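The structure under discussion appears below in the form of structure tokens.
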Number of protein chains: 2
Amino acid sequence: MVVRPAATTVVKASPPTMSDVARKAGVSTMTVSRALRDGASIASSTREKIMRAVDELGYVLDQSAGSLSSKRTGFVAALVPSLNNSNFADTARGLTDALQGSGLQVLLGYTDYLIEKEEELIESMLRRRPEAIVVTGGRHTARGRKLLENAGIPVIETWDLPPRPVRHVVGFSNAEAAEALVRHLHQKGYRKIGFIGGTSNRDTRGADRRLGYERAMGALGLKDTRIISFGTPPISMKQGGEALTRLLEQWPDVEAAICVSDLSAFGALMECRRRNIAVPERIAIAGFGDFEISSCSYPAITTVSVNCYDIGRRTGELLLRAIEGERARKPIAGETVITDYEVIARESA
Amino acid sequence: MVVRPAATTVVKASPPTMSDVARKAGVSTMTVSRALRDGASIASSTREKIMRAVDELGYVLDQSAGSLSSKRTGFVAALVPSLNNSNFADTARGLTDALQGSGLQVLLGYTDYLIEKEEELIESMLRRRPEAIVVTGGRHTARGRKLLENAGIPVIETWDLPPRPVRHVVGFSNAEAAEALVRHLHQKGYRKIGFIGGTSNRDTRGADRRLGYERAMGALGLKDTRIISFGTPPISMKQGGEALTRLLEQWPDVEAAICVSDLSAFGALMECRRRNIAVPERIAIAGFGDFEISSCSYPAITTVSVNCYDIGRRTGELLLRAIEGERARKPIAGETVITDYEVIARESA
DNA sequence: CGGACCTTTGTTATCGCTAACATAGCAGGT
DNA sequence: ACCTGCTATGTTAGCGATAACAAAGGTCCG
């Protein structure tokens, strides 16, 4: 066994801790802790001394230790169906932006449009003790819902207007938005309007849009609905193209197609170009979501803009207030923020 | 002061802890801890008893406390330039998928293509004590690089082949991939080939692709390079369209345009359709990244497929081995995994 | 010049869990 | 009956930070 001289630098395997910094700077750990946060009362000379020690040691604060003690993890959990080619990436971005500078960090999870996977994720997220949790949609498994209700933290459901919200909501009615789109087409003179969407109800928002389509058609006295269900949600561009082919085969008289998303609308549009079907003369095409592709494609695609980024941003703002309320032990009341949507008429319909 | 009867249920403000479960099940906290992990030796009758107590109390394990004690946070930090409309969303997805079932969770951060923001994020991520960190690209600020080097955890740089890697690498040479694309166009008979990209070097991979374009042109004896730099990276569809207009104005004789990404290529293509410029007869267009849009648009866009998802998946696999190595105190040697790319010839070039 | 009051720093006691070791109980071989 | 070796559980001591309180030293005022 080697005898080590007392006050000498010893090789440390593990990264430096706050005590190491404190010893080096000749202060207590509490003073180091204060120096590393702002707002604490500390002499500037002491702070400088500590910062020097921090730099020399390459010390990095260990938040997991800090949050155990302070009971603030600085996490916010957010569950989205997917981030690939989807509106939710914009929402996640808006949420992240809104939380900039608040010291909160977003923990993202993908549910793949499955509420069973959502349930699993809710549980694993709660183990991280987030200070709030954001979910997409208002449909959950029974146990998922219970977990949310008992989590003891603010819960925000987004992208929908659930009939019985867990607590807070930031969203809009997908059904109403689809209705508005149907009315727009009707106003433009289209009567034989079809709908293209995925096969299952896995994508709740897609199902709501189809519902809105059916409702609006009924309200306008157009009782012949023409619905093509094709592909597992989220329905891709390519699937949108195939669905259009089927729509035309099944109802050759169809005058317009509403697609569950802009991506499938784009696929449908390209299929038309490929087959030399004039859009909107022979068939009009409309999408949903106002993806960049819709404004940029030729012809540009008529769609419903839903302010994805804004949903995220406003979720973040609500969440900050809600967390503030929890911290001050004055929980805020459940709020429902309804975001705008807007039919954007372009060349395709 | 109210005297509370001893063994009676008392209203608890804070969520139940492991001790509460232990008391209820009549065991020690250690036994509860073991019951909640798999692989530990525990009698099934005891486990059931504990699980019942867990359910009744609605107990959720507190991982932040656990990781302080076990020194395993179960986090992996991943920094990507952006997730919106980008290849990186696929990479993030591949990474997440590869980590499924390993108990590791991805902590995502957006750098906005800025190495200064990356530096900031590296620091805030390290505070969470991730078990590994994944970054995009090989260019970092001096301090960012130092933080990575001293982090004491596996570091993986992706999407590039840095000349002097920090440790592990999973990527490909963007320059070479662009060269391959130039050669493809050359082989098809195109000689007056232009390049469309963003203005700054902010997007390192974009800059590399331009470099590859220049190198390949030189090697083929085509010394007249035609480069349009327009828009802050990442360059959008719309900007791709505008850039194409400029390209045609500045060099009316241009025969083909290579775009820094498929998104700008698509914008360029749509601009052509809008202006009735035949693609590829009058001008050929090629992109980069093999986004879904390229295979689906009409005409379909010639591009370089770079296996984005695979980069993420293989990063995840390497990372699991690296973390295993750290845990067993046998760090693995630095590895460089070179992923494939492939020129995909379609209709536009 | 003494006390009120502020600023700056230190002390102590957790936070909720798990590693490491200790121990009890039991089976099986001799 | 004794020892070996296993499984199932408990005990003790932290992990690295922060909350809450305590205390030291200075300023200011009547």
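Within every chain, numbering begins at 1; the chains are lettered A, B, ... in the order of the sequence lines, protein sequences first and strands thereafter. This is a predicted model, so every value here is computed, not measured. For the numbers below, each heavy atom of this structure counts, side chains included, while hydrogens, waters and symmetry mates do not.
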Inset, instruction - Kindly indicate whether the side chain of A:Thr46, heavy atoms from C-beta on, has any atom under 4.5 Å from the side chain of A:Arg34. - result: no
Legend entry - Pairs flagged by side-chain hydrogen bond (donor to acceptor under 3.5 Å, both in side chains) wherever residues 69-84 of chain B is involved - sequence neighbours left out: A:Asp90-B:Asn84
Inset, instruction - With the side chain counted from C-beta on, respond yes when A:Thr111 and A:Val80 share a heavy-atom pair under 4.5 Å apart, and no when they do not. - result: no
Inset, instruction - Could you state the atom-to-atom distance from CD1 of A:Ile50 to P of C:dT9 in whole Å? - result: 8 Å
Legend entry - Within 45° cone of A:Tyr309 ring axis and under 6.0 Å: A:Arg93 NZ or CZ: no
Inset, instruction - In whole angstrom, give the distance that lies between atom CD1 of B:Ile42 and atom C1' of C:dT18. - result: 14 Å
Legend entry - B:Arg37 side chain near C:dA19 phosphate (N/O to OP1/OP2, under 4.0 Å): yes
Inset, instruction - Quickly work out the A:Glu48 CD to C:dT8 C1' distance and round it to whole Å. - result: 16 Å
Legend entry - Closest to side chain of B:Leu68, choosing from C:dT9, C:dG16, C:dA19: C:dG16
Inset, instruction - Find the distance A:Met18:CE to C:dT11:P and express it as a whole number of Å. - result: 16 Å
Legend entry - A:Ser70 vs B:Ser45, nearer the 5' end of DNA chain D by closest nucleotide: B:Ser45
Inset, instruction - Compare all side-chain heavy atoms of B:Gln100 with those of B:Thr96 and state whether any distance is below 4.5 angstrom. - result: no
Inset, instruction - Calculate the interatomic distance between A:Arg128 atom CZ and C:dC17 atom P; express it in whole Å. - result: 14 Å
Inset, instruction - May I ask you to decide whether A:Arg52 forms a salt bridge with A:Glu56, counting only side-chain N to carboxylate O separations under 4.0 Å? - result: no
Inset, instruction - Check each residue of residues 51-65 of chain B for a non-hydrogen atom within less than 4.0 Å of any atom in DNA chain C, then write out the ones that pass by number, or none. - result: B:Tyr59, B:Asp62, B:Ala65
Polar pairs (N or O, both sides) under 3.5 Å between protein and nucleotides 20-26 of chain C?
none

Inset, instruction - Please find the earliest and latest nucleotides of DNA chain D, in the 5' to 3' direction, that have an atom within less than 4.0 Å of any heavy atom of chain A. - result: D:dG16 to D:dA20
Inset, instruction - Considering just the side-chain nitrogens and oxygens of A:Lys71, establish if one lies under 4.0 Å of OP1 or OP2 belonging to C:dT14. - result: no
Legend entry - Validation row: B:Leu318, B:Val170 side chains within 4.5 angstrom (heavy atoms): yes
Legend entry - Nearest-Å distance for atom pair CZ/P, residues B:Arg129 and C:dT18: 19 Å
Legend entry - Heavy-atom side-chain contact between B:Thr91 and B:Cys308 under 4.5 Å: yes
Inset, instruction - Quickly, which of B:Arg143, B:Lys146, B:His140 forms a side chain to side chain donor-acceptor pair (under 3.5 Å) with B:Glu119? Name it, please. - result: B:Arg143
Inset, instruction - Round to the nearest Å and state the distance from B:Arg72 atom CZ to C:dA19 atom P. - result: 8 Å
Inset, instruction - Examine the side chains of B:Arg128 and A:Gln105 and answer whether a donor and an acceptor come within less than 3.5 Å of each other. - result: yes
Legend entry - Residues A:Lys24, A:Asp20: salt bridge by 4.0 Å N-O rule: no
Inset, instruction - Would you please confirm or rule out a distance under 4.0 Å between OP1 or OP2 of C:dT9 and any side-chain N or O of A:Thr31? - result: no
Inset, instruction - Return each pair, listed once, that meets ring-ring contact (aromatic ring centres under 6.0 Å, His included) where at least one residue sits in residues 38-76 of chain A; pairs must be two or more places apart or across chains. - result: A:Phe75-B:Phe75
Inset, instruction - Answer with base, sugar-phosphate or nothing: what part of the nucleic acid does B:Thr46 contact at a heavy-atom distance below 4.0 Å? - result: sugar-phosphate
Legend entry - Helical bend (five base pairs per end, nearest 10°) for the helix from C:dC1-D:dG30 to C:dT30-D:dA1: 40°
Inset, instruction - For the residue pair B:Ile42 and B:Arg47, establish whether any side-chain heavy-atom pair is separated by less than 4.5 Å. - result: yes
Legend entry - Spacing of A:Arg23 atom CZ relative to C:dG10 atom C1', expressed in whole Å: 16 Å
Inset, instruction - Check each of A:Arg167, A:Arg314, A:Arg321 against A:Glu335 using the salt bridge (charged side-chain N to carboxylate O under 4.0 Å, His left out) test, and report the only one that passes. - result: A:Arg321
